[in-house]
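Take a look at the structure set out below.
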Amino acid sequence: MEAIRFLANHDIESEKNTYPGWPLTIQQTDNDGRRPIGYLPKLEVKSANQLLKIINEETKELVHAMRIKGNTYTPSVYELGKYTLIIGEGATEKAISGIEITIDFKEIIYI
């Protein structure tokens, strides 16, 4: 994120054009604000940077959707229950149902 000062001189590149401490970089997950109560098993995907959607099976609500950075990701969830993971896009989309919070941090789902 960038915070440009009012009346900044855009003709020159200078730290005086921005506020102290800027630009600011945050992670996508920093925007959520919810605290996870647990984690689903770690995902290892063959193709990097896949889209992941997590659906609460009881309510049918989307818990969150994000693009996995790289080939591994450990999804967080905010309530007990069973979840469906939808990985990929279009014709390459795969769904895995009945996934629950794990206490075994070595548990991995290979996709």
Members sharing Leu7's hydrophobic cluster (side chains within less than 4.5 Å): Phe6
Nearest heavy-atom neighbours spanning Ile87 and Gln50: CG2-CB, 3.9 Å
Modelled atom types, side-chain donor and acceptor of Glu44 and Thr72, under 3.5 Å: no
Donor on one side chain, acceptor on other, Tyr78 and Asn56, under 3.5 Å: no
Student check: side-chain heavy atoms of Ile96 and Thr84 closer than 4.5 Å: no
Neighbour count above 12 (heavy atom, 6.0 Å) for Ile103 CD1: no
Co-members of the apolar cluster containing Leu62 [side chain, <4.5 Å]: Ile55, Ile86
Under-4.0 Å salt bridge between Lys53 and Glu93: yes
Heavy-atom check, side chain of Ile109 versus side chain of Lys42, under 4.5 Å: no
Contact summary for Ser76 and Pro36, nearest pair of heavy atoms: CB-CB, 3.6 Å
Residue pair Ile37 / Leu80, side-chain heavy-atom distance below 4.5 Å: yes
Non-neighbouring partners of Arg5 that pass side-chain contact (heavy atoms from CB on, under 4.5 Å), sequence neighbours left out: Tyr19, Pro20
Ion pair check, Lys106 and Asp104, cut-off under 4.0 Å: no
Stepwise side-chain contact (heavy atoms from CB on, under 4.5 Å) check, Glu100 with Tyr83: CA-CA 6 Å; Glu100 297 181 83; Tyr83 296 90; over 6 Å; no
Arg34 with Glu79: basic N within carboxylate O range, under 4.0 Å: no
Pro41 vs Ile108 side-chain heavy atoms within contact, under 4.5 Å: no
Minimum heavy-atom distance between Tyr73 and Met66, given as atom pair plus value: OH-SD, 3.1 Å
CD (Gln27) with more than 12 external heavy atoms under 6.0 Å: no
Stepwise side-chain contact (heavy atoms from CB on, under 4.5 Å) check, His10 with Ile4: CA-CA 10 Å; His10 295 284; Ile4 306 297; 3.6 Å; yes
